[in-house]
Amino acid sequence: MSETVTLREVTADNEAAVRALTVLPGQESFVASVAESLDEAAVSPDAHPWYRAIYAAGRPVGFVMLSFDVPPGR
């Protein structure tokens, strides 16, 4: 049986659950936390951040964020 995987906007209703996502031990040096990423997106609207929560079987299991116009030095 396969699970449906979807991308969902981060909203007031799911933000706490999405911020609570963590990576496995040993992966912290490869990627920023969800909380750090969301905070950076909030203070860098000029970078045009696009982010979504990754859901599987109706629950948040991951996070993805892209930026379309990152200012120099960021």
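One is the number of the first residue; the rest follow in order along the sequence.
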Review point. Mind checking whether V5 and Y51 sit in one hydrophobic cluster, side chains of I, L, V, M, F, W, Y counted as touching below 4.5 Å?
Key: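 Result: no, two separate clusters.
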### Message
Using the rule that Ile, Leu, Val, Met, Phe, Trp and Tyr join whenever any side-chain heavy atoms are under 4.5 Å apart, tell me whether I54 and V18 fall into a single cluster.
### Response
no
| message | Is there a side-chain contact between V64 and W50 in this structure, where contact means two heavy atoms from C-beta onward sitting under 4.5 Å apart? | response | yes
Min side-chain heavy-atom separation R8-D13 under 4.5 Å: no
Atom pairs and distances, donor-acceptor, side-chain atoms in residues 56-63, under 3.5 Å, two or more places apart:
none

Heavy-atom closest contact ([X] atom, [Y] atom, distance):
{"X": "R19", "Y": "D39", "value": "NH2-OD1, 2.9 Å"}
{"X": "L7", "Y": "R52", "value": "CB-CB, 3.9 Å"}
{"X": "V23", "Y": "E28", "value": "CG2-N, 3.8 Å"}

- Query: When you measure from the side chain of E40 to the backbone N and O of L38, does any donor-acceptor pair fall under 3.5 Å?
  - Reply: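 Not confirmed, E40 side chain does not pair with L38 backbone.
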So does D46 get a backbone contact from the side chain of S44, meaning a donor-acceptor N/O pair under 3.5 Å?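 No: the side chain of S44 does not pair with the backbone of D46.
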Atom OH of Y55 and atom OG1 of T4: how far apart are they, to the nearest 0.5 Å?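 The OH atom of Y55 sits 14.5 Å away from the OG1 atom of T4.
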Considering only distance and modelled atom types, tabulate donor-acceptor pairs under 3.5 Å from the side chains of residues 29-37, sequence neighbours left out.
residue : atom : partner : partner atom : Å
S33     : OG   : E36     : N            : 3.0
S33     : OG   : E36     : OE1          : 3.3
E36     : OE1  : S33     : N            : 2.9
S37     : OG   : S33     : O            : 3.0

